[in-house]
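Structure, as structure tokens:
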Number of protein chains: 2
Amino acid sequence: MAKIKSKKNGTKKETIVEAASRLFHEKGFSATSMRDLAEKVGVEAASLYNHIQSKSELLQEICFKVANEFMTNIETLDAGALTAIEKINALLRFHIQHMVHHFEEVVVSDREWRHLSDPYLSNIQNQRRIYRKRFAGIIEEGIKNKEIKEIDAPTAVLIILHAVSGIESWHRSKRKISPELLEENMVMILVEGLKK
Amino acid sequence: MAKIKSKKNGTKKETIVEAASRLFHEKGFSATSMRDLAEKVGVEAASLYNHIQSKSELLQEICFKVANEFMTNIETLDAGALTAIEKINALLRFHIQHMVHHFEEVVVSDREWRHLSDPYLSNIQNQRRIYRKRFAGIIEEGIKNKEIKEIDAPTAVLIILHAVSGIESWHRSKRKISPELLEENMVMILVEGLKK
DNA sequence: CCTACCGATCGGTAGG
DNA sequence: CCTACCGATCGGTAGG
């Protein structure tokens, strides 16, 4: 009876994953039931299973989509001919913009990946480790070049990545500054803190 | 039969809350069952209810304990005669040390407070808002004094508080630097990023 | 502190 | 896409 309204350029599955992102962000993966999701989408719970295999698959979709986007970005960027500081600047801005525009899926993938099970769990853990190592490599490059002061690179990565996830509170705050101002402020505080 | 082993200076309830911190951190509040908790403590699930009222009470204990510690700290510190930068330095170090030594309860209170229900939910949300405002106030003081460069104070607070929560990854990492080095690095990057 | 058990809700399936 | 329903598990209680 009630059909899933899929957007112009999207399959019904994509519509479901999008609704799942919003719910997982709001209530967490474990506290979200398939009946909650069905209600949000406008069908009965059983009907969801014509488009997806399991609740777990929804979390997989979200986590791997986000991981791929960040991984692709760091690879193309790292291949370019920028200085280390310029690379870090670009990485940070990409993270900020992603958090501003797709914060629900980014937050979910950051906070709920623990609820995946193998082999997806190990896969995501690996990707996250590789990403952080690559990021740290860029910082170490900058330290060698004397662009960046002598800090522990993994600690700097950890600070930058987690600082960005603070944008979630920015979304919730009443009187937000503009996304552009937010970006400039974050770059100013974080990148300046690294420079020699 | 099997009795709860309470530590020398702790009630049985405290033993249960401590185990709950570890489990809520590991699996999340919603995915942790009272049977999981009972097993960890060494009794049957029903027996837990001789010491606590509900699962929700455990989360309340954790969240309010952490909130009180941070609130007390900022109040005593803000009453002192330090410069703004010195206050921020001290606040940051308190956060770092707390995350290093009591990271399970700090992470749980940071990540799971959404699962509280009113009136506890509103209470915690208020406390968090007040804390951030007070922190931002100190930064604004520093901007007026020309100790700190002209940044958006709420954004700086958001960066600092979330950066600190990155210490969770530090705990999980194989080759950790020492807590002292971690602290010095975080202060170096974050506080230097604020200075004029 | 345990055994026994409650109603509610969960993720998911069968069959149309 | 829905109705009907499954076994499992949930938080919590009664009664000893």
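Below, read A as the first sequence line, B as the second, and so on, with proteins coming before strands; counting in each chain starts at 1.
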Quiz prompt | Distance-only side-chain donor-acceptor flag, A:Gln127 / A:Asn123, under 3.5 Å | solution = yes
Quiz item: Restricting to pairs with a member in residues 32-47 of chain B, which pass side chain to side chain donor-acceptor pair (under 3.5 Å), not counting sequence neighbours?
Solution: B:Lys27-B:Asp36, B:Ser33-B:Asp36
Quiz prompt | Mutual orientation of the aromatic rings belonging to A:His25 and A:Phe103 [parallel < 30°, tilted 30-60°, perpendicular > 60°] | solution = perpendicular
Quiz item: Got a salt bridge between A:Glu57 and A:Lys13, using NZ or NE/NH1/NH2 to carboxylate O under 4.0 Å?
Solution: yes
Quiz item: Aromatic rings A:Phe94 and A:Phe70: how do their planes relate, parallel, tilted or perpendicular, breaks at 30° and 60°?
Solution: perpendicular
Practice problem: Mark up nucleotides 7-16 of chain D, 5' to 3', with B wherever a protein heavy atom is under 4.0 angstrom from a base atom, S wherever such an atom reaches only the sugar-phosphate, and - elsewhere. | Solution: ---SBBB---
Quiz item: Between B:Lys144 and B:Glu140, is the closest basic N to carboxylate O distance under 4.0 Å?
Solution: no
Practice problem: Measure the acute angle between the ring planes of A:Phe135 and A:Tyr131, then classify it against the limits of 30° and 60° as parallel, tilted or perpendicular. | Solution: perpendicular
Quiz item: When Watson-Crick pairs (N1 to N3 and N6-O4 or O6-N4) and G-U wobble pairs (N1-O2 and O6-N3) count only below 3.5 Å on both distances, what is the dot-bracket string of DNA chain C, with | for other-strand pairs?
Solution: ||||||||||||||||
